[in-house]
Amino acid sequence: MSKFRIVIAAGGTGGHLYPTIAIADEIRRARPDADIAFIGTADRIEAQEVPRAGYAFDSIQIAAPGKRLGSLVQFPIAFLKAVMRSHSLLKANRPCAVLCGGAYLSVPVGVAAKLLGIPVVLLEINSVVGKANRLLSRVAEKIFLAYPESRTQFASLPDAMIAISGTPVRPGFGDQGISKAEARRTLGFDPLRSLILVFGGSLGARAINEAIAANADALIEQGYSILWQVGKGNSVDELKSRFAGRPEIRVEEYLYEMEQAYAAADFVICRAGASSLAELARLGKPAILVPYPHAAENHQEANARAFEQSGAAVVLRDNELSAKLLEQVTAIDLDAVKAHMSIAMKSRENKEAAKIVTEWLIARCKA
């Protein structure tokens with residue numbers, strides 16, 4: 001059996017990174033002999049999370065072009081250097097395919113792969129196709145989409161080139177079998193109090209943090225516990241001090257025990273990144289979604305509205321969150337409402353997402 005080598009270019013945000021790690025895990029499960037390496041940037045989430053997941057990591061230097069004249073002038077040189085660096089890494093590794101996860105850093109890697117004659121495969125995890133994947137679609141051999149609605153954005157491409165996979169979630173996620181009460185006890189909460197899980201991604205979300213800070217006392221008085229990831233650099237020490245001695249609320253910069261956190265929660269308040277939505281769908285967790293308003297082409301709101309329309313979530317924008325949070329929490333926290341939302345949320349999942357991509361890659365690499 002020939003050596004099976006795959007290079008994955010992904011990162012920048014957890015939403016772009018974690019689905020590709022899920023695919024890497026599925027590849028490793030299906031082909032234990034696989035040689036899997038990631039290419040990303042040295043100063044973003046992938047530099048820590050890829051080695052933590054057990055995969056090789058190499059970095060390039062690249063960023064999307066800014067709007068200032070100086071940035072626009074410097075960008076072609078920086079892009080060329082990133083392509084050359086990617087070309088060197090791919091030539092040394094000689095993978096049978098390169099999987100690009102949609103972040104801008106994947107563009108020079110995809111270009112380098114095309115120059116070397118290596119098949120380029122795209123994963124688009126948002127309902128609105130990003131600029132990186134629109135650019136790379138010109139050199140791609142296969143494109144996997146999380147949302148069927150995205151197909152119209154590649155209208156000129158043949159059906160054979162497109163597959164609807166859903167958003168990959170790592171194998172075994174949510175299969176721990178932990179009861180809600182057990183998870184709450186493990187996390188230090190009263191198992192009899194309803195628990196709200198709050199997070200805004202690895203860097204946090206200011207609007208969510210401000211809304212929780214403003215409403216925390218009222219939520220606690222109404223019988224809720226709050227598990228709150230505030231994100232890096234978001235006054236975590238100040239907030240911990242403010243709520244010290246309150247067993248109903250736990251403030252953390254980052255939550256590593258996310259499966260326990262999900263298991264403990266009645267519902268979730270979070271951004272509408274594709275990776276988070278895929279996890280919510282896997283677990284059937286009702287949610288208040290707060291789309292990041294500055295996401296490229298407002299793709300988070302498009303993601304969130306698709307879930308809202310199916311009855312799986314409620315969408316609140318940043319500027320209405322603080323005022324409407326208590327009202328929406330009360331409206332959701334009825335058994336019949338939560339049950340309906342949970343069923344709708346589960347209907348958004350494709351359990352086979354990582355497997356669909358993996359099987360195509362394995363077949364392609366045998367060709």
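Please read these numbers as outputs of a predicted model, since none were measured by experiment.
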### Query
Should E252 and V236 be marked as a side chain to side chain contact (heavy atoms under 4.5 Å, CB included) after you check the CA-CA gap, both sets of side-chain angles, and the distance that decides it?
CA-CA 7 Å; E252 297 291 346; V236 63; 6.0 Å; no
I'd like to know if the side chain of [X] and the backbone of [Y] have a donor-acceptor N/O pair within less than 3.5 Å.
| X | Y | result |
| --- | --- | --- |
| E259 | F173 | no |
| D58 | I39 | no |
| T20 | L17 | yes |
| S150 | V128 | no |
| N215 | A211 | yes |
| S342 | K338 | no |
| R348 | S310 | no |
| K285 | V268 | no |

#### Entry: Chi angles and distances behind the salt bridge (charged side-chain N to carboxylate O under 4.0 Å, His left out) call for K240, D237
CA-CA 5 Å; K240 280 188 173 184; D237 292 334; 5.8 Å; no
### Message
L105 and side chain to side chain contact (heavy atoms under 4.5 Å, CB included): which single residue from Q61, E46, H16 fits?
### Response
E46
### Task
Might you work through the side chain to side chain contact (heavy atoms under 4.5 Å, CB included) test for I143 and S137, ending with a clear yes or no?
CA-CA 8 Å; I143 303 173; S137 67; 3.9 Å; yes
Quick one: [atom1] on [X] to [atom2] on [Y], what's the gap to the nearest 0.5 Å?
| X | Y | atom1 | atom2 | result |
| --- | --- | --- | --- | --- |
| W228 | I208 | CH2 | CD1 | 10.5 Å |
| R5 | R31 | CZ | CZ | 11.5 Å |
| I164 | Y147 | CD1 | OH | 12.0 Å |
| E308 | L316 | CD | CG | 8.5 Å |
| N298 | N126 | CG | CG | 11.0 Å |
| Y104 | L135 | OH | CG | 6.0 Å |

If you draw a 6.0 Å radius around [atom1] in [X], do more than 12 non-hydrogen atoms from other residues or ligands fall strictly inside?
| X | atom1 | answer |
| --- | --- | --- |
| K114 | NZ | no |
| K180 | NZ | yes |
| M161 | CE | yes |
| D335 | CG | no |
| K324 | NZ | no |

Are side-chain heavy atoms of [X] and [Y] found at a separation under 4.5 Å?
| X | Y | value |
| --- | --- | --- |
| M258 | L197 | yes |
| V139 | L136 | yes |
| I21 | R170 | no |
| R94 | L116 | yes |
| L277 | T167 | no |
| T330 | Q222 | yes |
| I6 | P95 | no |
| F199 | S276 | yes |

Hydrophobic cluster membership, with links at side-chain heavy-atom distances under 4.5 Å among I/L/V/M/F/W/Y: are [X] and [Y] in one?
| X | Y | result |
| --- | --- | --- |
| I343 | M345 | no |
| V314 | L326 | yes |
| L187 | L192 | no |
| L334 | I196 | yes |
| I125 | Y292 | no |

Looking only at heavy atoms, what is the nearest atom pair of [X] and [Y], with distance?
| X | Y | value |
| --- | --- | --- |
| A22 | V169 | CB-C, 3.3 Å |
| I36 | A24 | CD1-O, 3.5 Å |
| V98 | A113 | CG2-CB, 3.8 Å |
| Q300 | V290 | OE1-O, 4.3 Å |
| A132 | A103 | CB-O, 3.6 Å |
| V129 | Q153 | N-OE1, 2.8 Å |

Is it true that [X] and [Y] have a side-chain N and a carboxylate O under 4.0 angstrom from each other?
| X | Y | result |
| --- | --- | --- |
| E279 | R282 | no |
| E301 | R305 | yes |
| E26 | K355 | no |

### Query
What residues, two or more places apart in sequence or in another chain, satisfy ring pair (Phe, Tyr, Trp, His ring centres under 6.0 Å) together with F57?
none
### Task
Would you please test R184 and D190 for salt bridge (charged side-chain N to carboxylate O under 4.0 Å, His left out) and show each step?
CA-CA 7 Å; R184 288 175 182 170; D190 182 344; over 6 Å; no
### Task
Using the salt bridge (charged side-chain N to carboxylate O under 4.0 Å, His left out) rule, take E182 and R185 through it: C-alpha gap first, then chi angles, then the decisive distance, then the call.
CA-CA 5 Å; E182 181 185 354; R185 277 192 291 265; over 6 Å; no
### Message
Could you work out, with salt bridge (Lys or Arg N to Asp or Glu O under 4.0 Å) as the rule, every residue matching E49, not counting sequence neighbours?
### Response
R52
### Task
Let me see the working for R193 and D266 under salt bridge (charged side-chain N to carboxylate O under 4.0 Å, His left out), right down to the final yes or no.
CA-CA 10 Å; R193 289 177 68 97; D266 284 288; over 6 Å; no
### Task
Given side chain to side chain contact (heavy atoms under 4.5 Å, CB included), test L325 with I288 step by step and report yes or no.
CA-CA 9 Å; L325 180 62; I288 294 175; 4.2 Å; yes
### Query
Does NZ or CZ of R250 fall inside the cone over F189's six-membered ring, less than 6.0 Å from its centre and within 45° of the axis?
no
### Message
Angle between ring planes, W360 versus F144, binned at 30° and 60°: parallel, tilted or perpendicular?
### Response
perpendicular
### Task
Could you please spell out the steps behind the side chain to side chain contact (heavy atoms under 4.5 Å, CB included) verdict for I226 and R246?
CA-CA 10 Å; I226 304 169; R246 303 289 297 273; over 6 Å; no
